Protein chains: 2
Amino acid sequence: MPDRRTTIKDVAAHAGVSLATASRALSGNRPMSEELRARVLASAQELNYRVNLLGRALRQQRHPVVGLSVPDLENPFFAALAEHLSRTLRGAGFELLVSSAGGSVEAEAEGVQAFLGRQVHAVVIIACDESASARTVQDASSATLTVQLDRRVDGVDAAYVGCDNRHGMDLVADHLRRQAVADSKVVFVGAGAESSSARERLQGFLAHFPGSRTMLGSFSLDWGIRAAEQLVEEGRVAGSTLVAAADIIALGLISGLRGQGYEVPGDVRVVGFDGIGPAAFAHPPLTTVRQPVEQMCTEILQLVSTGGDASGSTDGPGSSRLFWPTLVGGPSATGGPRPTEARPAPG
Amino acid sequence: MPDRRTTIKDVAAHAGVSLATASRALSGNRPMSEELRARVLASAQELNYRVNLLGRALRQQRHPVVGLSVPDLENPFFAALAEHLSRTLRGAGFELLVSSAGGSVEAEAEGVQAFLGRQVHAVVIIACDESASARTVQDASSATLTVQLDRRVDGVDAAYVGCDNRHGMDLVADHLRRQAVADSKVVFVGAGAESSSARERLQGFLAHFPGSRTMLGSFSLDWGIRAAEQLVEEGRVAGSTLVAAADIIALGLISGLRGQGYEVPGDVRVVGFDGIGPAAFAHPPLTTVRQPVEQMCTEILQLVSTGGDASGSTDGPGSSRLFWPTLVGGPSATGGPRPTEARPAPG
DNA sequence: ATGAAAGCGCTAACAT
DNA sequence: ATGTTAGCGCTTTCAT
């Protein structure tokens with residue numbers, strides 16, 4: 001750790017040129033003599049110079065950085081989204097900085113405010129809470145390009161990128177019909193109303209299985225395990241089909257059921273939602289609704305690089321971009337027609 | 001998205017005071033008349049002013065931000081570390097920015113360089129590769145306070161915070177002896193030599209079970225599943241005990257084994273390592289070596305806030321801080337004496 | 001207690 | 001093609 005970091009001034013002095021020349025040589029976007037350029041580059045190398053991005057961003061008034069706020073990195077779906085988005089953005093010259101709210105709306109707000117203060121080019125936010133996060137999303141939205149991902153909050157006109165959750169439940173229902181599952185044996189294990197995706201999946205389920213049993217907890221492995229225990233206590237497990245609102249819940253269910261001696265899928269069937277992360281490797285394969293994460297990330301890149309005028313559409317900044325999920329891992333998914341090419345869903 | 005963000009100049013003008021006064025009112029660390037302060041604060045509120053952290057950091061020559069580089073966010077142990085560290089640092093006024101390398105040493109280098117260019121106060125790095133990441137760690141170390149976490153690279157004098165992996169394997173061996181497991185039935189399922197923790201755990205294992213079968217893959221669920229398949233093919237599963245180098249491998253093993261009709265822990269025993277993330281909820285409980293993540297994060301906070309002179313010790317910046325793991329989840333862990341209070345291990 | 005002004009590191013006009 | 005200089009937004013001397 002040197003006392004003072006070397007600046008471009010040091011490099012210029014060492015190379016015997018002006019600051020401007022040094023800057024030009026280092027950024028390399030202006031014509032100049034090869035000799036000087038080489039000298040400057042050599043000096044920079046020798047002095048171990050590294051550009052101060054704070055100074056650059058302050059001067060250029062732009063910052064090729066995107067901030068992503070996730071509710072909780074320990075949710076593997078969010079971790080996978082962060083991973084994919086990072087890769088997609090990096091390929092286009094943007095850096096992704098991740099901030100985790102750890103489930104706290106206050107921490108989420110702090111993280112987003114810090115992004116804004118750091119003049120990020122865009123904010124991508126997976127909101128903690130459908131209503132309590134609204135203020136934070138609104139703040140971000142009024143300050144910079146903002147994209148809601150996977151979950152949308154109430155009454156904010158920021159863009160939204162997600163998957164068509166209701167269609168996902170259509171796929172599940174269709175799958176269960178083909179398997180000739182009795183409606184009375186279907187149980188929904190979902191999450192509370194703190195997020196739009198939880199709500200939409202529940203509603204999508206109820207549209208097909210009105211009156212069926214629903215159990216609401218949280219998007220966690222722990223909840224799946226507890227729900228399994230509860231169902232075992234009630235003696236409702238054998239022969240039933242559990243529709244989980246997320247793979248992580250499904251994995252919890254499976255773990256809980258197997259731990260209590262049930263065979264999955266022998267004694268009881270489990271269907272998931274998300275199709276990414278560990279669930280992709282479940283064994284035997286978990287039947288699940290796969291969100292087109294790559295497409296969602298590409299869409300975000302479009303929004304981020306064009307400033308919201310993506311897709312050749314005339315949609316406003318508050319428009320929704322819904323992508324179609326596909327059913328994977330189940331017998332009907334492999335035997336049936338190829339999954340629908342994911343694309344923006346109508347409506 | 002307003003055309004131009006409001007600056008402190010706007011606030012000063014709106015409140016009818018000088019820039020200096022506005023700055024003092026907003027940062028609030030200098031004495032001034034309550035009346036003016038209130039006026040400035042009101043103006044700031046009204047204009048929806050948010051401080052530009054780039055300008056501030058540039059001027060103050062410091063930035064209460066810590067950068068964390070992880071090899072892969074989809075590894076739940078790293079995600080858990082990120083989550084814990086974020087919480088620990090936030091509590092002390094530091095913000096944690098996470099960058100994922102996605103398994104690529106090049107991406108890791110880019111991410112760290114970006115942190116350095118952004119003048120972060122410290123860099124915490126879980127290195128991708130014991131040798132290929134050395135250059136990146138060295139770069140960081142020569143530019144700012146740098147802490148290696150969980151994995152250390154060769155020949156760099158940056159501080160290291162981790163757990164005593166060999167002691168962890170002592171605990172495992174002790175556990176297996178108590179269970180009267182035959183040495184010949186013990187198999188190690190680990191990861192290749194790309195990280196120090198993988199290597200140390202393997203060495204720790206071999207110290208107790210020399211000549212035992214070892215299988216090396218990667219820290220992934222997928223590898224655990226494939227290893228299980230391979231063991232099944234070889235017909236070595238029944239009655240054996242599989243020691244995994246990480247919980248994520250253990251979970252893969254369990255998934256693969258159960259998928260092929262084996263009972264765990266009935267037919268075959270599995271022991272993990274890490275003790276955090278999803279494995280903490282495995283059902284029935286996975287016997288695993290728990291790393292004292294909270295203590296490790298607290299130690300990092302110490303290093304970060306004191307600039308490396310933590311622990312009241314006179315250790316140099318390149319010193320190791322090893323913490324003692326504990327055995328959890330297994331019968332002997334619940335029935336035996338309380339786990340050793342985790343503390344810096346000797347040596 | 002308040003204001004004027006310098007300057008953090010950088011790049012982009014504007015000269016030459 | 002190269003040098004000089006202004007200024008991004010902010011804090012902090014240094015005056016008053």
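Here the structure is a predicted model, which is why all the values come from computation and not from measurement. In what follows, every chain begins at residue 1, and chains take the letters A, B, ... in the order their sequences are listed.
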Closest non-hydrogen atom pair, B/L303 against B/A159: CD1-CB, 4.4 Å
Whether A/T21 side chain and A/V17 backbone form a donor-acceptor pair below 3.5 Å: no
Selected nucleotide, minimal atom distance to B/S18 side chain, candidates C/dA4, D/dT11, D/dT2: C/dA4
Sugar-phosphate, base or nothing in reach of B/S23, heavy atoms under 4.0 Å: base
Sugar-phosphate only, base, or nothing, as touched by A/R24 at under 4.0 Å among non-hydrogen atoms: base
Options D/dT12, C/dT11, C/dG9, nucleotide nearest the side-chain atoms of A/R4: C/dG9
Touch class at under 4.0 angstrom, heavy-atom based, for A/L53 against every strand present: nothing
Between P of D/dT4 and NZ of A/K9, the distance in whole Å: 13 Å
pair B/L97-B/F115: side-chain heavy atoms closer than 4.5 Å: yes
Whole-Å gap separating P (D/dT11) and CG (B/L54): 12 Å
Side chain of B/T21 (C-beta onward), nearest among C/dG3, D/dG3, D/dC10: C/dG3
A/R56 side chain, from C-beta outward: closest of C/dT11, D/dT2, D/dT11: C/dT11
Any donor-acceptor N/O pair under 3.5 Å between D/dG9 base and A/R59 side chain: no
From D/dA1, D/dC8, C/dC10, nucleotide with atom closest to A/L58 side chain: D/dC8
Nearest listed nucleotide, side chain of A/Y49, among C/dA4, C/dC10, C/dT2: C/dC10
Gap between atom SG of B/C128 and atom CD of B/E194 - 0.5 Å precision: 9.5 Å
